Amino acid sequence: MQITAPMRDDGRIIIHFDYDCFYAAVFEREDPKLKSLPLAVQQKQIIVTCNYEARRRGLYKLQLVREARKRCPDVIIVLGEDLTRFRNASKDNYNFLRSYTWSNKVERLGFDEVFMDVTDVIDYNVGLLNYNDLVTSFFHLDRNDPTIGFHCDASRVFGRTFPKHLESCETAAVSITNTSCNDFEDLLLRLRLGSHLAEHLRHQLEEQKGYTSTVGISTNKLLSKLVGNVNKPKNQTTLLPPYSSPQGGAASNVTNFIDDHDIGKIPGIGFKMAHKIRNYVLGRPAAFDAGLVYGPTKENVKVRDVRTLDGMGPELLGRLLAGPGVPKDLGEKVWGLINGVDVTQVAKAKAVPQQISIEDSYIKLDEVSQAKKELGMLARSLVKRMRMDLTSPIEDDNLGRDLEEDDEDQVQTGSAVTSLRWMAHPKTLRLSTRPRLALNPDGTRSRTFNRISKSTNMPTFVFGFTQGVDVIADKMVEETLLPLFHKLHPEKSGWNLSLVNLCATNMSPTASDAKDGAGRDIGRMFKKQDDMLREWKVEDVDIAPSDEDENDQQKGINGLDAGKTVVGQEHTLALTSVGSEDLLDFTQETLQEDVAWDSDDDTQNLGESCRICGAVMPSYAMLAHERFHDLPD
DNA sequence: GTGTGGTAG
DNA sequence: CGTTCTACCACAC
């Protein structure tokens, strides 16, 4: 049975960014002295990432803190459990990159990766090239201003490539026909331009934002992401043509590139699917069952082994992977992936996230009183995040000026911001827990569930601005979260939770945002968040550093949080960083401006609050505001 | 609409 | 493997 590869469409140019050891880079940027030192970022008992100086000394991602200290006693370890600074830096970088696109096709993946679809920018520049002098080309970044851009040598690729050297169209033996040779030349030219744009963006990102990155350039998300990994850090790699070959021959660089990847390394093929595929390829009986003992017994299955297996194709893959809950067209999708085909679009920038979730993990959490306290902490974080990420300022039109035109001082004092409005309402509040898997007396283990959850309507009072975060959070605990918690855990005791998660989801855009969809307000939103962060007076707190890890672990529910006190009403967020107090200057950005919703005193002067969403605004604005709620979703 | 599970970093 | 703290999607019910 001969199964043909899925058809290629290489009309796009996609750039994938991956900021180098991002969490560590955020701290390094705050304190450049850290750059030359081994630096690791800790969450609970693990090192979530570390800089290259630390990696040189044998440290690595997801290493246990104890192990890391043993291996490198002088490592500087900073706490990274509060994600605010990472989230903010991530959005700032994202927003910066977004400003270079024309299509707004810019998608974040986690905090440290960004895809950009720059097809339109590339095609525009292809049209303006002088083919008689590619060496001294000018790359245009603005369709309306021909002076904006940079010089580049469009006769060659910038940076590294896969494979390392380009074959000519003829030697690559793409085809005997002229059309394929033209395809080769056309794709090569667009990739070259993509590589120069990528270099420019990397350079600007480093100069203006202080982050180095590793970048891949190709024609879809899959390939650009994978090819970036070939040269890291601080580098870029372009996947060279030819991308297709006449009869599935050996000429395709896509096939040559992707074939050498372990099947589990392909984005979209996770642990479970890789396991199923490996089992089949290795032959059902033999390879399995030694599975629980891990170590060097791991058998490698490459994409090549899967792709070239007799009878392999979308149908077989579909049967292999079938099961309850698996998408119907998974076979097609995976067959595409192992052939380097990925038709998924780079998503356009969105004004609001689909969901906001907050979670914390615990060594021991087995009493209702503890649970209630933790729910309070989580609820406070959630309400703050909702206000930060789901609201945007409403200006007082009578002042006759636009927020964007105000200078920084005015924005910081909040004088131009009279109130906030919700860009979207999460309709659902979900509480999830992960019980510790306890062995029953008879040796059987209760179900292998990871998380269990209960959800309910988001109470409307969380959308009000007249009450403070703490008041709303406490109310949420009493009226909503504790009932949910008792549904999940009816017993007074006998449970022990390793994780608690709160999620605001089922996002419903506010009418004005539903109309223009992807984010006209995005720039303003980010601006506002920067301002909001200044609300937090961040200062060191006088707590003895705990140098024993087991100390932290045994504190259980309080754990590391003991050194990180949040004093809500005073807006004081005190941080300690274990083992590195003197190296970090958290107080640099201390500012104490209030924003409109911060205090009841402020808001009471502003007018009335909307009966539907609680937004506070002058009376004259209320009529217009309430009309938004009447529009269909 | 509710709950679970898989994917990603 | 899972450790962390998320975010998104799709399915079964």
Side-chain angles (χ1 to χ4, degrees), chain A residues 16-19 21-23 41-49 60-68 79-84 86-87 90 107-115 221-222 225 229 264-276 291-295 297-298 321-330 333-334 337 344 347 350 352-363 378 381-382 385 389 427-434 436-437 447-458 484 487-488 498-508 549 553 559-560:
Chain A
H16 174 260
F17 281 80
D18 188 334
Y19 314 134
C21 36
F22 181 58
Y23 282 15
V41 181
Q42 173 185 18
Q43 285 174 346
K44 297 291 154 64
Q45 76 270 39
I46 62 171
I47 299 300
V48 289
T49 196
Y60 50 90
K61 286 181 180 175
L62 305 189
Q63 190 176 32
L64 288 171
V65 170
R66 296 193 63 80
E67 218 178 299
L79 277 187
E81 289 168 22
D82 183 341
L83 303 186
T84 307
F86 310 131
R87 183 180 298 115
S90 172
E107 183 181 352
R108 272 203 307 167
L109 183 54
F111 283 174
D112 71 335
E113 292 182 37
V114 172
F115 291 99
K221 289 168 72 176
L222 199 227
K225 177 176 165 67
N229 293 330
K265 291 285 173 47
I266 303 302
I269 302 179
F271 178 75
K272 304 273 187 183
M273 279 170 51
H275 194 62
K276 289 180 185 175
L292 285 183
V293 187
Y294 45 84
T297 60
K298 191 166 91 182
L321 303 172
V326 314
K328 182 72 175 70
D329 58 347
L330 193 61
K333 192 188 137 195
V334 172
L337 293 180
T344 60
K350 286 180 177 55
V352 294
Q354 291 298 300
Q355 62 180 39
I356 296 174
S357 71
I358 304 282
E359 69 186 37
D360 207 347
S361 57
Y362 309 92
I363 302 299
L378 293 170
S381 300
L382 185 68
R385 281 287 311 284
D389 293 354
K427 296 201 290 255
T428 304
L429 176 64
R430 182 170 62 220
L431 172 66
S432 309
T433 65
R434 186 177 64 201
R436 272 227 150 50
L437 5 85
R447 279 173 304 162
T448 167
F449 55 58
N450 254 342
R451 280 144 116 104
I452 51 178
S453 69
K454 290 289 174 194
S455 55
T456 187
N457 286 343
M458 181 68 72
L484 285 178
K487 272 204 231 175
L488 283 174
S498 62
L499 179 139
V500 179
N501 172 292
L502 286 190
C503 181
T505 185
N506 199 1
M507 207 64 73
S508 163
D549 293 329
Q553 288 172 28
L560 298 172

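On a predicted model such as this, the values are computed, not experimentally measured, just so you know. Chain A is the first sequence line, chain B the second, and so forth, proteins listed ahead of strands; every chain is numbered from 1.
Within the 4.0 angstrom heavy-atom criterion, only backbone atoms of the sugar-phosphate kind lie near A:Ile266; the bases stay farther away. Counting any heavy atom pair closer than 4.0 Å across all strands shown, A:Glu359 reaches a base atom. A:Arg108 comes within contact range of no nucleotide atom at all, as no heavy-atom separation falls under 4.0 Å. Heavy atoms of A:Ile269 sit under 4.0 angstrom from primed sugar atoms or phosphate atoms, though from no base atom. Within 4.0 Å of A:Leu64, counting heavy atoms only, lies no atom of the nucleic acid at all. Looking at heavy-atom distances under 4.0 Å, A:Lys487 makes no contact with the nucleic acid at all. As judged by a 4.0 angstrom heavy-atom cut-off over every strand, A:Leu83 is placed among residues touching the sugar-phosphate backbone only. Contact annotation for A:Phe271: backbone-only contact, meaning every heavy-atom pair under 4.0 Å involves sugar-phosphate atoms and none involves a base.
Atom pair A:Phe115:CZ and C:dA7:C1' shows a separation of 14 Å (rounding to whole Å applied). Nucleotide B:dG9 holds its P atom 19 Å from the OH atom of A:Tyr60, rounded to whole Å. To the nearest angstrom, P of C:dG2 lies 18 Å from CD of A:Glu67. C:dC5 atom P lies 18 Å from atom CD1 of A:Ile356, rounded to whole Å. As rounded to whole Å, 16 Å separates atom C1' of B:dG3 from atom CG of A:Leu502. As a whole-Å value, the separation of A:Lys350 NZ from C:dA7 P is 14 Å. Note: CG (A:Asn501) to P (C:dC5) measures 11 Å, nearest angstrom. The CD atom of A:Gln354 sits 10 Å away from the C1' atom of C:dC9 (whole-angstrom rounding).
Closest to the side chain of A:Gln45, from the set C:dA10, C:dT3, C:dT6, is C:dT3. When each of C:dT4, B:dT2, B:dG9 is scored by its nearest atom to the side-chain atoms of A:Ser455, the top-ranked nucleotide is B:dT2. With C:dC8, C:dC5, C:dT3 as the choices, the nucleotide that has an atom nearest any side-chain atom of A:Pro353 turns out to be C:dC8. When each of C:dT6, C:dT3, B:dT7 is scored by its nearest atom to the side-chain atoms of A:Met273, the top-ranked nucleotide is B:dT7.
Closest approach of A:Lys61 to A:Val48, counting heavy atoms only: CG-O, 3.7 Å. When every heavy atom of A:Ser357 is checked against every heavy atom of A:Arg385, the shortest pair comes out as O-NH1, 4.3 Å. When all heavy atoms are compared, the tightest approach of A:Leu321 to A:Val326 is O-CG1, 3.6 Å.
The side chain of A:Ser453 places no N or O atom within less than 4.0 Å of a non-bridging phosphate oxygen (OP1 or OP2) of B:dT2. At C:dT3, one or more side-chain N or O atoms of A:Arg434 fall inside 4.0 Å of OP1 or OP2 (strictly under the cut-off). An OP1 or OP2 oxygen of B:dT2 is reached within less than 4.0 angstrom by a side-chain nitrogen or oxygen of A:Thr428. Between A:Ser357 and the phosphate of C:dT6, there is no side-chain N or O to OP1/OP2 separation shorter than 4.0 Å. Under 4.0 angstrom from either OP1 or OP2 of C:dT3 there lies no side-chain N or O belonging to A:Arg66. Regarding contacts with the backbone of B:dG5, every side-chain N or O of A:Lys272 stays at 4.0 angstrom or more from both OP1 and OP2. The side chain of A:Arg430 places no N or O atom within less than 4.0 Å of a non-bridging phosphate oxygen (OP1 or OP2) of C:dA7. Remark: A:Lys427 is not in phosphate contact with B:dG1, judged by side-chain N or O atoms under 4.0 Å from OP1 or OP2.
Atom name P, nucleotides B:dG6 and C:dC1: the rounded distance is 14 Å, in whole Å.
In this structure, A:Gln45 contributes its side chain and A:Leu64 its backbone to no donor-acceptor pair below 3.5 Å.
Ring orientation note: the planes of A:Phe271 and A:His275 are close to parallel, at an angle under 30° on the 30°/60° scale.
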Inset, instruction - Might you work through the salt bridge (Lys or Arg N to Asp or Glu O under 4.0 Å) test for A:Arg451 and A:Glu359, ending with a clear yes or no? - result: CA-CA 12 Å; A:Arg451 280 144 116 104; A:Glu359 69 186 37; 2.7 Å; yes
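No hydrogens or angles considered: a donor-acceptor pair under 3.5 Å links the side chains of A:Ser90 and A:Arg108.
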